[in-house]
J.: 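Before I ask anything, let me first share the structure, which is written out below as structure tokens.
The structure presented is a predicted model; accordingly, all values stated were derived computationally and were not measured. Atoms considered below: every heavy atom in the structure, side chains included; atoms not considered: hydrogens, waters and symmetry mates.
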Amino acid sequence: MAEISANKARTIIRKALAKGEEMGFKPLSVVVLDSGGHVKAFERADGSAPGRFGIAHGKAYGSIMLGMAGTAQMARAEQQAYFMAAVNGVYGGAVVPVPGGVLVKDKRGAVIGAVGVTGDTSDNDVIAALAGIAAAGLTGEA
């Protein structure tokens with residue numbers, strides 16, 4: 001199975017942060033996880049709150065562990081709060097079920113990782129994540 005290379009992870013981060021700056025977003029934090037939920041790379045923009053790693057990681061971690069992007073997780077949480085509460089119990093409270101967690105797919109459509117972006121509105125976090133993923137030649141599912 002293909003994985004996200006360290007070089008592609010750095011590209012995703014660099015381009016996501018650049019998109020945020022270009023669009024005037026608040027300072028962003030971006031994490032890239034591989035298909036096993038392990039951190040490939042992380043960066044926090046100047047001025048980003050120090051606790052943002054946990055939020056970015058939780059968005060991406062929930063996406064990869066559930067195979068469900070943040071938008072779908074939020075919908076599930078709204079419909080079945082008990083399910084997401086149970087999931088968070090299983091994963092030690094590490095899941096943040098909101099937009100900004102984006103699945104990363106290769107050219108064949110296989111999930112090879114996830115990106116978590118936090119710092120602005122969830123919708124803007126998604127915009128930045130998708131820009132970074134596209135710049136790395138991959139496809140995002142938000």
Side-chain angles (χ1 to χ4, degrees), residues 1-6 8-45 47-142:
M1 177 189 342
E3 289 289 336
I4 296 176
S5 68
K8 285 198 183 274
R10 289 188 293 269
T11 296
I12 290 168
I13 290 172
R14 187 176 67 251
K15 296 299 186 174
L17 292 174
K19 184 68 169 181
E21 289 178 21
E22 170 195 323
M23 296 191 70
F25 296 168
K26 294 176 184 173
L28 300 176
S29 294
V30 184
V31 69
V32 179
L33 305 183
D34 66 17
S35 62
H38 305 284
V39 176
K40 288 294 284 190
F42 170 75
E43 190 168 335
R44 184 172 62 86
S48 180
R52 290 291 179 173
F53 172 80
I55 298 169
H57 182 268
K59 288 180 175 188
Y61 191 72
S63 294
I64 200 69
M65 289 296 131
L66 297 172
M68 179 186 312
T71 302
Q73 289 179 61
M74 187 170 82
R76 185 81 182 261
E78 289 170 345
Q79 295 166 358
Q80 297 176 311
Y82 62 88
F83 174 77
M84 288 311 292
V87 164
N88 251 323
V90 169
Y91 293 116
V95 174
V96 179
V98 297
V102 180
L103 291 169
V104 179
K105 297 181 178 183
D106 66 13
K107 290 180 168 101
R108 289 170 286 179
V111 174
I112 59 170
V115 173
V117 177
T118 184
D120 204 278
T121 66
S122 290
D123 290 341
N124 287 346
D125 294 345
V126 168
I127 290 167
L130 290 173
I133 293 165
L138 299 166
T139 302
E141 180 186 321

J.: To the nearest 0.5 Å, how far apart are OG1 in Thr139 and CD1 in Ile112?
T.: 9.0 Å

J.: For residues Ile12 and Ile133, report the shortest heavy-atom separation together with the two atoms involved.
T.: CG1-CA, 4.0 Å

J.: For Val98, does its backbone N or O pair with a side-chain atom of Lys59 as donor and acceptor, under 3.5 Å?
T.: no

J.: Do you know the tightest heavy-atom contact between Lys15 and Ala135?
T.: CG-CB, 3.3 Å

J.: Calculate, to the nearest 0.5 Å, the distance between atoms CG and CD1 belonging to Leu28 and Ile13 respectively.
T.: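 These two atoms lie 11.5 Å from each other.
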
J.: Please report the shortest heavy-atom distance between Val115 and Ala60, naming the atom on each side.
T.: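 Closest approach of Val115 to Ala60, heavy atoms only: C-CB, 3.6 Å.
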
J.: Are any non-hydrogen side-chain atoms of Pro97 and Arg76 less than 4.5 angstrom apart?
T.: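 The answer is no, as the side chains (C-beta and beyond) never meet within the 4.5 Å cut-off.
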
J.: Quick one: pull up OG1 in Thr11 and CG in Leu138 and give me the separation to the nearest 0.5 Å.
T.: 9.5 Å

J.: Just verifying a value: how many Å separate Asp34 CG and Ile64 CD1, rounded to the nearest 0.5 Å?
T.: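 Output value for this atom pair is 7.5 Å.
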
J.: When rounded to the nearest 0.5 angstrom, what distance separates CZ in Phe53 from OG1 in Thr118?
T.: 12.0 Å

J.: Please answer whether the main-chain N or O of Asp125 pairs with a side-chain N or O of Asp120 as donor and acceptor at a distance below 3.5 Å.
T.: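 Side chain of Asp120 to backbone of Asp125, a donor-acceptor pair under 3.5 Å: no, none is there.
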
J.: For the residue pair Val102 and Ser63, what are the closest heavy atoms and their distance?
T.: N-OG, 3.9 Å

J.: Are the side chain of Gln73 and the backbone N or O of Met68 linked by a donor-acceptor pair below 3.5 Å?
T.: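 Yes, Gln73 side chain to Met68 backbone: donor-acceptor pair under 3.5 Å.
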
J.: What's the separation between atom CE in Met84 and atom CE in Met74, rounded to the nearest 0.5 Å?
T.: 11.5 Å

J.: Going by side-chain contact (heavy atoms from CB on, under 4.5 Å), Phe25 matches just one of Asn124, Thr121, Leu17. Which one?
T.: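 Among Asn124, Thr121, Leu17, the one that satisfies the side-chain contact (heavy atoms from CB on, under 4.5 Å) with Phe25 is Asn124.
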
J.: Could you walk me through whether Val32 and Arg10 pass the side chain to side chain contact (heavy atoms under 4.5 Å, CB included) test, one step at a time?
T.: CA-CA 8 Å; Val32 179; Arg10 289 188 293 269; over 6 Å; no

J.: Which pair of heavy atoms, one from Asn88 and one from Ala94, lies closest together, and at what distance?
T.: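 Heavy atoms of Asn88 and Ala94 come nearest at OD1-N, 3.3 Å.
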
J.: Give the minimum heavy-atom separation between Ala56 and Ser29, together with the two atoms involved.
T.: CB-O, 4.1 Å

J.: Counting N and O atoms only, with roles assigned by atom type, does the side chain of Lys8 sit under 3.5 Å from a partner on the main chain of Ala136, one being a donor and the other an acceptor?
T.: yes

